[in-house]
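Here is the structure we will look at, set down as structure tokens.
Predicted model only: the values in this text are computed from it and were never measured.
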Amino acid sequence: MLRIVLSILAVIVLLVVGAIFLLPVFLDKEQIVALAADAVREQTGAELKVRGDLDLSVFPTLGISFTRASITMPDKERPDLEVGSASIGVELLPLLTRTVKIDTIAVDGLTARLETAAAQPKTDTSGWSDAELDAWYAEQRRKRQEAGRAAGAQSVLAVPLALDVSRLKVTDARLETRDPATQTTRVVELKSLEARDLNLHGNPIPLAVSLQVPGEQPLNVELEASIAIEKDSDTVRFDGLSATIRGATTEPLSLTGDGVADLVRQTADVEMALEVGATKGQGTVRYAAFESPQIDADLELNQFDPALFALAGPGAAEAAPESPPASGDEPLPLDTIRAIDTRAALDIGQAHFGAHTIDGLSVKLRAVEGVVDLHEASGTLHGGRIDAAATFDGRHNTATLDTRGTVEGLQLASALQAMETAQLLTGSATLNWQLAGRGRTANELVQSLNGPVQLTTQEVVLQGTNVEKLICRAVALTNNERLTATFEPDTRFTALSADVQVTDGRALLQPLRAELARVKLLGEGEFDLLEQDFDATLRARLQPELAELDEACRVSKRLAAIDFPVDCSGNVAGDPGDWCRVDTEKILTDLAVSEGKRRLEKEAGKMFDKLLGGGKKSGEQGADE
């Protein structure tokens, strides 16, 4: 379309230039229109019609102005280009030296209509075999390379005449793009476009543009730049770009930068800075339609928040279609992931993901042909230092996920608060993990995760329940006494750790170790990753210091010889006070068995002594008893 418009302008300019030698013709306006129509038809095959007024001028500029004109391309029923009014003026004196210098081109009420190429039907690869997918990736690479070679042989800016225009002004213009498949039309309204010293020789062209994309949430763009167009190389260089975009984000987005675009090869290299609200950033971005990666970005941001990209305006939320919350059983969006071809290196001062904030986030990733390789991700989350890596492989229809990393010093209270979960724990935790999974849905991936996780903690306090009190109550029961002391409402761990094996959607804690000031616990348990239910069985070994809490829970030798079973189960959303209980019935049974065993061993010892040492003195026997 750009080439057609430039060609039409060139034809009209040639027509005006020829008019200096055909002044008598200017007296017949119908002949002027006919001459212009013939020239446009010869150069482009299009039909030019002027239904309104036509005015001519000769001095001091040679010019033509007209109203209600249209240009229709061959085999079209509707005009591709309609003009409310237009005027073109050519400086007279330079023509004497065969130099064309256009003083002004002014167009008002322009409507340009484009019909997009028939969209290729979306490829549904969900039922393909692995071999078919591999062949498809190879074919996509081949097509991209061929398209790049074909584009390199074209010339977008090749027009019959290299235009020199002192001033180009377009007002109240519309670009209508029609999709023949869906019969829908997208509209871009060009409120104004003004350029000075327009040329194709690489000289600076000051440019100012104001446009709007109408809709439920209009997008408004104000842009100023100095551009340079290279006719022979089909490149456009721009310096001092300054753009303000309203409607794409909750607050206006400001962009500044310099760069170069190749219109044939469809590439753009931009060194840019951006600002939206309190967010500021800078870096470089390269887009290349026929290369891999298609998008290559190195950016530094002081902060990032996905909410910045929500539609702005009070009507946006109402206009957005409602969709049910994801259950996790929907197929993974592999077709979308396979279409991404990006390399990115991001350094972000603060990244906000809902209620979670990562400080000093550094991310390096590569996504191509369904594989997303996050080979570096580091930062500080809730006081804990994260170093992680992950690879999501969606090349085939059963995706795989491999992830590994560490987080050191995670503040538990802060993390729970961000998740809007009751603040059950305080202290810090350190985790190391190496997990792998496969599946066709998010839930399948989670349920199939397999691998080890090591968990250690520091100064952890479980709020809302006191394990030592539960044990003390059981000990007092065996001592046939009552507790009289007042206990703290929480449990303070001196050590808490677990070796975790993730498998089949569960985290198996084997073993689970916990130490309190006067009790040591060892056991095992499991946690359901999806339902967040847990179940653990611990064996408590009592220390004599337990009596410091209450005299009723003094530990005798017979109590120190058995394990006190502590059963904990529930859901993380439940009441911690209901999680754990001490099995006093089993304790009494174990005590009875232990006492019976002790007596049996004692009686057996006596009999053994009698058999082997029947000559003992009765006094010695009495002492033994």
Legend entry - Basic-acidic side-chain contact under 4.0 Å: Asp134, Arg395: yes
Legend entry - Inter-residue atom distance Phe304.CZ - Thr357.OG1, 0.5 Å rounding: 12.5 Å
Inset, instruction - Could you grab the distance from atom NE2 of His396 to atom CG of Asp130, nearest 0.5 Å is fine? - result: 4.0 Å
Inset, instruction - May I ask you to test the His382-Gln417 pair for a side-chain heavy-atom distance under 4.5 Å? - result: no
Legend entry - Chi angles and distances behind the side chain to side chain contact (heavy atoms under 4.5 Å, CB included) call for Leu425, Leu416: CA-CA 8 Å; Leu425 296 171; Leu416 292 172; 4.1 Å; yes
Inset, instruction - Please determine if Arg366 and Asp373 form a salt bridge, counting it only when a charged side-chain N lies under 4.0 Å from a carboxylate O. - result: no
Legend entry - Within-4.5 Å side-chain heavy-atom neighbours: Thr430 and Gln458: yes
Legend entry - Derivation and outcome, side chain to side chain donor-acceptor pair (under 3.5 Å), residues Asp335 and Thr125: CA-CA 7 Å; Asp335 283 340; Thr125 59; 2.5 Å; yes
Legend entry - Distance, nearest 0.5 Å, that separates CZ of Phe392 from CG of Leu334: 5.5 Å
Inset, instruction - Start with the C-alpha distance between Val502 and Leu529, add both sets of side-chain angles, then the distance that settles side chain to side chain contact (heavy atoms under 4.5 Å, CB included), and finish with yes or no. - result: CA-CA 9 Å; Val502 178; Leu529 299 178; 3.9 Å; yes
Legend entry - Residue pair Asp347 / Ser362: nearest heavy atoms and the distance that separates them: OD1-OG, 3.1 Å
Inset, instruction - Go through Arg440 and Thr398 one step at a time and tell me if the side chain to side chain donor-acceptor pair (under 3.5 Å) criterion holds. - result: CA-CA 5 Å; Arg440 293 176 176 243; Thr398 298; 3.3 Å; yes
Inset, instruction - Please report the C-alpha distance between Glu275 and Ser254 in whole Å, then the side-chain angles of each, then the deciding distance to 0.1 Å, and finally whether the side chain to side chain donor-acceptor pair (under 3.5 Å) criterion is met. - result: CA-CA 5 Å; Glu275 183 174 343; Ser254 297; 5.9 Å; no
Inset, instruction - Flag the pair Trp433 / Val500 as yes when at least one side-chain heavy-atom distance between them is below 4.5 Å, and no otherwise. - result: no
Inset, instruction - Go through the steps for Asp359 and Arg385 under the test salt bridge (charged side-chain N to carboxylate O under 4.0 Å, His left out), then give the verdict. - result: CA-CA 9 Å; Asp359 296 306; Arg385 180 66 185 174; over 6 Å; no
Inset, instruction - Using a 4.5 Å cut-off on heavy atoms from C-beta on, say whether the side chain of Leu516 contacts that of Phe493. - result: yes
Inset, instruction - Mark yes or no for whether Asn397, through its side chain, and Trp128, through its backbone, hold a donor-acceptor pair below 3.5 Å. - result: yes
Legend entry - Nearest-0.5 Å distance that lies between atom CZ in Arg518 and atom CD1 in Ile471: 11.5 Å
Inset, instruction - Before accepting this row, confirm whether a basic side-chain N of the pair Arg438/Asp402 lies closer than 4.0 Å to the acidic partner's carboxylate O. - result: no
Legend entry - Sidechain-backbone polar pair: Asp393 side chain, Val371 backbone, donor-acceptor under 3.5 Å: no
Inset, instruction - Inspect the surroundings of CD in Gln350 and state if more than 12 heavy atoms from other residues, nucleotides or ligands are less than 6.0 Å away. - result: yes
Legend entry - Pairwise side-chain contact, Arg338 with Gln140, heavy-atom cut-off 4.5 Å (strictly under): no
Legend entry - Smallest separation among heavy atoms of Gln266 and Phe290, with atom names: NE2-CZ, 3.6 Å
Inset, instruction - Go through the steps to decide whether Leu508 and Arg506 satisfy the test side chain to side chain contact (heavy atoms under 4.5 Å, CB included), and finish with yes or no. - result: CA-CA 6 Å; Leu508 305 179; Arg506 297 174 300 155; 4.1 Å; yes
Legend entry - side chain to side chain contact (heavy atoms under 4.5 Å, CB included) evaluation trace for Leu301 with Leu346: CA-CA 8 Å; Leu301 301 171; Leu346 306 176; 5.8 Å; no
Legend entry - Distance (rounded to the nearest 0.5 Å) between Asn443 CG and Glu330 CD: 8.0 Å
Inset, instruction - Indicate yes or no: at least one non-hydrogen side-chain atom of Val467 is less than 4.5 angstrom from one of Val519. - result: no
Legend entry - Close side-chain approach of Asp387 and Ser378, heavy atoms under 4.5 Å: yes
Legend entry - side chain to side chain donor-acceptor pair (under 3.5 Å) evaluation trace for Gln501 with Asn450: CA-CA 7 Å; Gln501 181 66 37; Asn450 195 329; 3.0 Å; yes
Inset, instruction - Could you tell me whether a side-chain N or O of Asn466 sits under 3.5 Å from a main-chain N or O of Glu488, the two making a donor and an acceptor? - result: yes
Inset, instruction - Indicate yes or no: at least one non-hydrogen side-chain atom of Pro565 is less than 4.5 angstrom from one of Thr537. - result: no
Inset, instruction - Could you tell me whether Glu132 atom CD has more than 12 heavy atoms of other residues or ligands within 6.0 Å of it? - result: yes
Legend entry - More than 12 heavy atoms from other groups under 6.0 Å of CZ on Arg142: yes
Legend entry - Reported CZ-to-OG1 distance for the pair Arg554 and Thr478, which is rounded to 0.5 angstrom: 9.0 Å
Legend entry - Asp550 side chain vs Thr484 backbone, donor-acceptor pair below 3.5 Å: yes
